[in-house]
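Atoms considered below: every heavy atom in the structure, side chains included; atoms not considered: hydrogens, waters and symmetry mates.
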Amino acid sequence: MKSFKNNSSPEAGIDKRKIVYSRDEFKCPCCGRNEIKQEVIDLLTEFARQVGYKLEVTSGYRCEKHNREVGGVPNSFHVQGKAVDVKRP
């Protein structure tokens, strides 16, 4: 497994314990519903703390309508609240 070296952290020197995500960051932009699993938030938080900066959530929970609109597969992990897309800030 390749190791990730964080030589260019956008938030270098921050207290990694302060990297937290609000449930609101994962809600469906279409309807505001939010059925994201807490385990997903916990895993993303742990990963962000490992790399040393907060990742921007670009897609979290998706209702069926929004999932179709973005070309997601039926019953995707996003619809199940088990997926999140992120990007580096």
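Contact annotation: the side chain of Phe26 approaches that of Leu44 to within less than 4.5 Å [non-hydrogen atoms, C-beta and beyond]. The shortest side-chain heavy-atom distance between Lys54 and Tyr21 falls under the 4.5 Å cut-off. Put simply, the side chain of Val20 reaches to within 4.5 Å of the side chain of Arg49, judged on heavy atoms.
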Given the rule in the side chain to side chain contact (heavy atoms under 4.5 Å, CB included) test, do Val40 and Gln80 qualify, once you have shown the distances and angles that lead to the verdict?
CA-CA 11 Å; Val40 173; Gln80 298 175 42; over 6 Å; no

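Taking both residues in full, the closest heavy atoms of Gly52 and Lys16 are given as CA-CE, 3.8 Å, listed atom of the first, atom of the second, then distance.
Remark: the backbone N or O of Leu55 is not paired with any side-chain donor or acceptor of Arg88 at under 3.5 angstrom. For the pair Asn67 (side chain) and Val73 (backbone), a donor-acceptor distance under 3.5 Å is present. Looking only at distances, no side-chain donor or acceptor of Arg62 sits under 3.5 Å from a matching main-chain atom of His78. At least one donor-acceptor pair closer than 3.5 Å links the side chain of Thr45 to the backbone N or O of Ile41. A distance-only check finds a donor-acceptor pair linking the side chain of Glu25 to the backbone of Ser22 [under 3.5 Å].
Of the charged side-chain nitrogens involved, none lies within less than 4.0 Å of a carboxylate oxygen, so that Glu35 and Lys27 do not count as a salt-bridged pair.
If you chain together hydrophobic residues whose side chains sit under 4.5 Å apart, Val70 and Val79 never meet in one group. Side-chain heavy atoms closer than 4.5 Å link hydrophobic residues (I, L, V, M, F, W, Y) into clusters, and following such links, possibly through other members, connects Phe47 to Val86.
A distance of 11.5 Å separates SG in Cys30 from CD in Glu64, rounded to the nearest 0.5 Å. The structure places OH of Tyr61 at 9.5 Å from NZ of Lys37, a figure rounded to the nearest 0.5 Å. Summarising the geometry, atom CD1 belonging to Ile36 is positioned 7.5 Å from atom CZ belonging to Arg23; distances are rounded to the nearest 0.5 Å.
Side-chain contact, Thr58 with Asp85: no donor N or O sits under 3.5 Å from an acceptor N or O.
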